[in-house]
Amino acid sequence: MSNLFIIGNGFDLAHGLSTSYENFRKYLITKYPNSLNIKSSFNIKNTAMRYGRKTYNLEEVVAFLIAVIYFS
C-alpha cells in the first residue's frame with residue numbers, strides 16, 4: 001500500500017518558494033520586456049494556420065497576462 005499526501009493551498013509560499021502571482025508577473029517582465037510596450041487587450045489577434053489551427057502573438061499574450069495579474 002502507498003501513501004497519498006495532499007498539500008493545500010499556500011504550502012509553497014509558506015516554505016519560501018517564489019510562486020506567487022507577483023513573482024510570475026516579474027518573471028514575465030524579465031523574460032519578455034518588449035511586452036511592456038504593447039497595450040493589453042482582450043482582443044488578441046490570431047493568424048489562421050493549416051488544419052484550422054490558430055497562432056497568437058506571444059508578446060500580446062504576455063502583455064495581457066501582465067495586465068491581468070497587475071489589476072487582480
Side-chain angles (χ1 to χ4, degrees):
M1 177 175 244
S2 60
N3 294 323
L4 171 66
F5 294 96
I6 300 175
I7 299 172
N9 188 21
F11 181 83
D12 51 347
L13 296 174
H15 286 81
L17 298 175
S18 301
T19 55
S20 68
Y21 286 117
E22 183 59 26
N23 292 126
F24 182 55
R25 182 178 166 275
K26 288 177 183 177
Y27 164 78
L28 290 174
I29 290 170
T30 302
K31 181 87 173 164
Y32 305 98
N34 292 335
S35 64
L36 293 175
N37 301 326
I38 297 173
K39 184 180 178 198
S40 67
S41 169
F42 280 98
N43 297 321
I44 299 172
K45 299 177 195 103
N46 65 60
T47 304
M49 305 295 284
R50 292 173 56 179
Y51 308 114
R53 294 182 180 169
K54 295 178 183 177
T55 184
Y56 296 88
N57 180 302
L58 181 61
E59 292 191 349
E60 277 188 75
V61 173
V62 171
F64 173 76
L65 287 173
I66 289 171
V68 167
I69 294 169
Y70 180 74
F71 292 113
S72 59

By the salt bridge (Lys or Arg N to Asp or Glu O under 4.0 Å) test, which pairs, at least two apart or in different chains, include something from residues 4-18? none
Anything under 3.5 Å between a donor and an acceptor, one on a side chain of residues 22-32, the other on a protein residue two or more places apart or in another chain? List them.
unit_1, atom_1, unit_2, atom_2, d
Glu22, OE2, Arg25, NH1, 3.1
Asn23, OD1, Ser20, N, 3.3
Asn23, OD1, Ser20, OG, 2.7
Thr30, OG1, Lys26, O, 2.9

Nearest-0.5 Å distance that lies between atom OG in Ser40 and atom CZ in Phe71: 7.0 Å
Please answer: with hydrophobic residues joined when any side-chain heavy atoms are less than 4.5 Å apart, are Leu36 and Val61 in the same cluster? yes
Nearest heavy-atom approach of Ala63 to Ser35 is CB-O, 3.4 Å
Return the set of residues passing side-chain contact (heavy atoms from CB on, under 4.5 Å) with Asn37 (not counting sequence neighbours), or none when no residue passes. Asn34
Of all pairs that satisfy salt bridge (Lys or Arg N to Asp or Glu O under 4.0 Å), the ones with a partner from residues 34-43, not counting sequence neighbours: none
What's the spacing between Tyr21 OH and Leu65 CG if we round to 0.5 Å? 11.5 Å
With hydrophobic residues grouped by side-chain heavy-atom distances under 4.5 Å, do Leu58 and Ile66 end up in a single group? yes
Review item, side-chain donor-acceptor pairs of residues 42-56, under 3.5 Å, at least two apart:
none

